[in-house]
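For clarity, every value in this text was computed on a predicted model and none was experimentally measured.
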Amino acid sequence: MNTMSKNTKVAIIGLGNIGEAIAVNLTKGNYPVIVAARDFEKAKSLSGKLGNLADAREIADAIKEADVVIPAIYFDKIKEFLQIYSNELQSKIIVDVSNPIAPDGNGGFKKIIDENDSAGKILSELIPSNSKLVKAFGTLGAGSLLNEAFSEPSRKVLFYASDSTNSNTIIEELIASSGFDAFHVGGIDQSIQIEVFGDLHEFGKLGKTVTLNEMKNKAVQS
């Protein structure tokens with residue numbers, strides 16, 4: 001699959017702040033989504049709020065029906081998710097939005113994996129061999145993900161990393177449908193740049209949302 005249309009089915013699994021923001025943005029961009037959560041009533045409730053473009057499913061059914069699966073769940077839960085649904089995840093594009101962090105006890109957050117490691121790299125080794133992992137949608141906090149979508153006059157950037165170039169068109173169209181410009185930072189080994197504390201994360205060195213022109217100017221200056 002190297003092209004995308006609205007026949008490409010997208011399932012968002014987990015409807016916390018990030019998952020709900022992605023669902024809201026995609027439907028606002030007139031893109032249909034399947035929503036699922038451990039609490040099916042929560043999925044049904046969100047589907048009702050979003051209207052005809054959102055369908056609620058049980059998790060296994062949502063994955064089976066989708067071409068692109070976005071598990072919007074905590075990093076420490078994704079390994080279990082990949083094991084439980086390994087059969088359903090065969091041949092899917094899996095979009096990792098997670099950040100490997102936890103509260104540090106002092107009002108902030110700490111990284112819960114090795115300083116030089118990334119969630120994207122770790123999870124890419126755990127997915128089914130015929131599936132593809134893309135790192136995307138986790139480079140902004142939930143507030144910015146909602147509030148900065150479809151910004152005018154210039155859209156803000158959502159960064160993504162992927163090893164499979166066959167996935168890039170699909171991910172870039174998803175990002176565009178959700179109200180942002182896509183910026184490919186490289187392979188999954190570059191995920192560390194776009195996770196929390198990374199050079200290109202809102203809660204890292206970048207420290208803010210940026211437009212595509214701002215990123216291009218930054219690249220030229222550096």
Side-chain angles (χ1 to χ4, degrees), residues 12-23 25 37-38 68-86 89 92-128 131-149 156-164 167 171 174-175 178 180 182-210 214-215 218-219 222:
I12 301 165
I13 314 297
L15 301 175
N17 292 338
I18 294 289
E20 184 168 335
I22 296 169
N25 287 345
R38 285 181 299 178
V68 178
V69 178
I70 305 176
I73 55 182
Y74 291 116
F75 170 73
D76 60 358
K77 301 293 185 186
I78 296 181
K79 293 179 184 180
E80 181 184 10
F81 171 84
L82 294 176
Q83 288 179 334
I84 292 172
Y85 299 106
S86 60
L89 288 166
K92 308 293 184 182
I93 295 172
I94 303 166
V95 180
D96 173 34
V97 308
S98 71
N99 283 289
I101 56 174
D104 63 6
N106 298 310
F109 289 90
K110 62 182 178 182
K111 198 167 180 177
I112 56 174
I113 58 176
D114 186 81
E115 183 179 348
N116 298 315
D117 219 338
S118 69
K121 189 66 176 172
I122 290 170
L123 297 176
S124 69
E125 296 169 359
L126 300 176
I127 64 170
S131 299
K132 301 178 179 67
L133 188 86
V134 176
K135 187 83 189 185
F137 289 103
T139 62
L140 298 177
S144 294
L145 200 59
L146 272 177
N147 298 328
E148 300 284 359
K156 299 301 176 62
V157 165
L158 274 182
F159 301 101
Y160 76 99
S162 63
D163 287 337
S164 172
S167 304
I171 297 305
L174 263 186
I175 288 172
S178 67
F180 292 88
F183 192 104
H184 186 228
V185 300
I188 286 295
D189 62 349
Q190 297 303 308
S191 294
I192 193 169
Q193 289 195 71
I194 59 176
E195 294 177 3
V196 169
F197 307 130
D199 289 347
L200 297 176
H201 196 280
E202 180 182 13
F203 304 137
K205 187 175 179 181
L206 194 59
K208 61 178 183 178
T209 59
V210 294
E214 287 172 331
M215 274 310 299
K218 183 180 177 70
S222 60

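Judged by distance alone, with hydrogens and angles left aside, the side-chain atoms of Glu195 form no donor-acceptor pair with the main-chain N or O of Ile101 at under 3.5 Å. Listed for the Asn25 side chain is a donor-acceptor partner under 3.5 Å among the backbone atoms of Leu145. For Asn17 (side chain) and Ala142 (main-chain N/O), no donor-acceptor pair under 3.5 Å exists by modelled atom type. The closest donor-acceptor contact from the side chain of Asn106 to the backbone of Gly108 lies at 3.5 Å or more, if one exists at all. In terms of modelled atom types and a separation under 3.5 Å, the side chain of Asp163 and the main chain of Ile188 share a donor-acceptor contact. Side-chain atoms of Gln190 never come within 3.5 Å of backbone atoms of Ala161 as a donor-acceptor pair (strictly under, hydrogens ignored).
Of the inter-residue distances, the one linking Lys156 atom NZ with Asn147 atom CG reads 10.5 Å to the nearest 0.5 angstrom. Between the CG atom of Asp104 and the CD1 atom of Ile112 there is a distance of 12.5 Å, given to the nearest 0.5 Å. Of the inter-residue distances, the one linking Thr139 atom OG1 with Ile175 atom CD1 reads 8.0 Å to the nearest 0.5 angstrom. Here Leu133 contributes atom CG and Ile127 contributes atom CD1; the two are 5.0 Å apart, rounded to the nearest 0.5 Å. Here the straight-line distance linking atom CD of Glu148 with atom CD of Glu202 works out to 7.5 Å at 0.5 Å rounding. Separating the CG atom in Leu200 from the CD atom in Gln193 is a distance of 5.0 Å, to the nearest 0.5 Å.
By the 4.5 Å heavy-atom criterion applied to side chains, Ile73 and Phe81 are counted as neighbours. Between His201 and Asn99 the shortest side-chain heavy-atom distance falls below 4.5 Å. Side-chain contact check for Met215 versus Phe159: some heavy-atom pair is nearer than 4.5 Å. A heavy-atom distance below 4.5 Å is found between the side chains of Phe75 and Ile122. Taking the side chain as every heavy atom from C-beta outward, Thr209 and Phe180 never approach each other to under 4.5 Å. Two residues are said to be in side-chain contact when any heavy atoms from C-beta on lie closer than 4.5 Å; Val97 and Ile70 meet this criterion. Under the 4.5 Å side-chain criterion, counting only non-hydrogen atoms from C-beta, Ile13 is in contact with Val69.
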Exercise. Please walk me through it: do Ser191 and Lys135 pass side chain to side chain donor-acceptor pair (under 3.5 Å)?
Worked result: CA-CA 7 Å; Ser191 294; Lys135 187 83 189 185; 5.7 Å; no
For this session: Evaluate the side-chain contact (heavy atoms from CB on, under 4.5 Å) criterion for residues Phe137 and Ile18: first the C-alpha distance (whole Å), next the side-chain angles of each, then the deciding distance (0.1 Å), finally the verdict.
Result: CA-CA 8 Å; Phe137 289 103; Ile18 294 289; 5.6 Å; no
Problem set entry | Verdict with supporting geometry, Ile93 and Ser162, side-chain contact (heavy atoms from CB on, under 4.5 Å) | CA-CA 10 Å; Ile93 295 172; Ser162 63; over 6 Å; no
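Within 6.0 Å of the CZ atom in Phe197, the count of heavy atoms belonging to other residues, nucleotides or ligands exceeds 12.
Between Ser131 and Ile94, the closest heavy-atom pair is CB-CD1, 4.1 Å. What you find for Ala136 and Tyr160 is that their closest heavy atoms are CB-CB, 3.7 Å. Considering every non-hydrogen atom in both Val134 and Ile171, the closest pair reads CG1-CG1, 3.7 Å. Pairing each heavy atom of Leu123 with each of Lys79, the nearest pair is CD2-CG, 4.3 Å.
The side-chain contact (heavy atoms from CB on, under 4.5 Å) test with Pro100 is passed by exactly one of Ile113, Asp76, Ile192: Ile113.
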